[in-house]
Amino acid sequence: MPSESPSFGQHIETNWASPLRPMNHPNRRDFIQAIGSSAAVATAYRLSGSWLSAQSNSNPAIPDSLFRAIDFDPLPISHADEVLLPKGFHHEVLISRGARLNERGDTFGDDNDFIAILPRGDSEGWLWVNHESTDAVFLLEAAATPDRLTQEVMGRYLQSMGGSCIRISKNRKGVWRPLLPDPRNFRLTGHTPNIPFTGPAAGTSWLKGAKTAVGSVANCGGAVTPWGTIITAEENVFAVYGDPEQGDPPTLVNRYFDRPPEHYGYLVEVDPDTGEFWKHTALGRFAHENIVFATAKDGRLVGYMGDDRVRQCLYKYISRDRFDPAAGKTNRRLLHDGTIYVADTNKGRWIPLDPTQQRPLAAARFDRARICVHTRTAAMMCGGTPHGRPEGITRNGETGEVFISLSSHPYTSSNAWVDPNRPINLAGAIAKLKESGKDPGALDFSFSIHLMSGQDTGLAWPDNLSFITDQHLMICSDYKGHYPPGPRSTHGVFGNNLLTIAPLVGPNAGRVQRFASAPREAEFASPILTPDQRELWVSVQHPGEGSTSAETLISHWPQGGKAWPRSSVIAIARNT
Ligand code: FEO
Ligand code: CA
Ligand code: CA
């Protein structure tokens with residue numbers, strides 16, 4: 001967020017930028033800134049608008065559904081170091097940073113973000129959780145002085161990112177819970193070897209000839225594919241390895257680990273049943289927040305994608321071939337060959353990043369492989385519209401409308417990233433994109449601002465989006481906290497980060513309702529209903545992130561007392 005806090009890296013007296021924590025949030029540093037291996041199972045989870053949204057949509061016909069009614073009293077603002085919920089709801093911590101996953105020594109990473117629940121039958125399944133970053137002070141459990149940022153610590157930093165794949169089952173009370181430890185649990189980390197590249201860039205000079213990569217890092221949002229695997233999105237990889245395309249400097253990680261920056265910034269597929277991973281270059285390389293799948297009317301697979309960096313673009317991918325519900329996981333090939341489109345939101349058109357259709361690309365000798373690696377450059381050459389950090393995207397299964405968080409959308413003027421006259425340091429908006437003919441495969445659309453940040457709407461710095469019913473949008477906020485909170489800061493006015501619900505219709509339309517308040521310096525991420533819809537699982541990410549030493553911990557959540565804070569996944573349920 002704009003100039004509110006100095007980057008931790010700025011305190012490091014070295015020519016190498018520290019990759020830890022601050023780079024995880026470009027807003028804080030730069031901005032003033034499904035299921036199964038068989039065709040039968042895939043058929044049971046047919047790809048359709050309603051299937052896709054049903055992954056987190058509440059069904060009022062289920063009597064135990066957490067959101068059978070949106071009947072809570074919105075919370076007051078809070079600066080307390082706890083998860084606050086409306087009367088009638090409670091929460092339980094399911095898993096925290098450092099938890100033992102298996103007897104092989106794998107542990108739950110830090111900064112848990114995207115969550116997916118994949119049932120395998122009625123009472124077993126997989127939980128996937130992304131790990132986005134960490135703080136040096138938490139790795140060390142001591143002040144992060146430059147002399148302590150050694151190769152060993154950088155190695156642990158890479159180990160803390162990626163994702164955790166954890167068995168889940170129903171317990172004696174019939175409630176879904178993780179199985180810890182379990183020999184089938186496994187990790188993806190920044191050190192995972194031999195992750196194959198797929199698509200046009202694999203093995204080309206743009207990847208320095210590589211057919212595989214080492215590790216996956218900066219894993220933010222994600223998706224469940226229509227064939228029941230996971231997509232984990234590599235987002236702020238520039239903070240880990242730098243990014244020559246954007247002129248980002250090398251980091252301390254580069255000093256100790258010689259890995260090409262171009263090997264990071266992709267959508268990575270994980271098959272929980274086999275433990276395989278793939279980096280799909282055909283979907284482009286940028287700060288991938290997440291992806292939302294849909295099908296074009298002609299059956300091709302579509303994926304909506306945002307690039308979470310200031311003045312970057314909104315994209316969609318359309319596969320060359322059609323989705324085949326009977327083909328199961330072999331549908332993966334749809335992510336190997338297709339076209340990336342960048343949005344011109346001023347003219348309402350999708351521009352194909354295809355050198356046979358775009359003269360600037362042909363003139364600059366951009367072949368398909370290079371477009372998949374230097375996607376941002378190609379997008380700018382072709383007229384993509386820059387935005388204020390396109391983050392979480394979701395799609396309304398009923399209407400087909402696509403909602404996009406523009407986290408840093410300016411408060412007052414599209415030309416001013418910071419307006420010194422605005423009442424508080426506040427930004428962000430939620431945009432709405434309607435495809436022509438309600439066809440995800442359309443090349444024309446309308447684009448509008450659905451909800452602006454402001455004290456009148458209650459919205460600030462929106463990040464993850466999901467529909468809990470077709471008429472209720474759930475929104476996670478992501479802004480920086482300060483203790484004590486400044487009276488004119490976002491944190492002072494809105495309290496700690498929020499999980500809110502915004503009705504699309506009715507008397508409360510146009511205003512968010514506060515459903516949950518996070519512990520100090522934490523944000524909520526990736527809320528998702530359990531398959532029985534009785535609980536909402538959500539990440540509580542980076543409590544106490546501004547802490548600099550054991551003596552100055554800003555948060556002790558969830559353990560309390562003098563404990564170190566720990567990012568955790570929680571389950572929210574109604575009191576019985
Ligand atoms: Fe990792 Fe854009 O939030
Ligand atoms: Ca996010
Ligand atoms: Ca975030």
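Both counts, for ligands and for their atoms, begin at 1 and track the order of listing.
- Residues His131 and Phe114 place their aromatic rings such that the two centres sit no closer than 6.0 Å.
- Here Glu289 contributes OE2 and Asp463 contributes OD1, and at the Ca ion (ligand 2) these two atoms make an angle of 80°, given to 10°.
- Atom 1 (Fe) of ligand 1 has Glu235 among its coordinating residues (N/O/S atom, backbone or side chain, under 2.8 Å).
- Angle OD2 (Asp478) to the Ca ion (ligand 3) to OE1 (Glu523): 80°, rounded to 10°.
- When each of Leu473, Ile393, Leu433 is checked for a side chain to side chain contact (heavy atoms under 4.5 Å, CB included) with Phe403, only Leu473 meets the rule.
- Between Gln312 and Asp307 the shortest heavy-atom distance is CB-OD2, 3.3 Å.
- The cationic atom of Arg395 (NZ for Lys, CZ for Arg) does not lie both less than 6.0 Å from the six-membered ring centre of Phe293 and within 45° of the ring axis.
- Look at Glu132 and atom 1 (Fe) of ligand 1: an N/O/S atom of the residue is under 2.8 Å from the metal.
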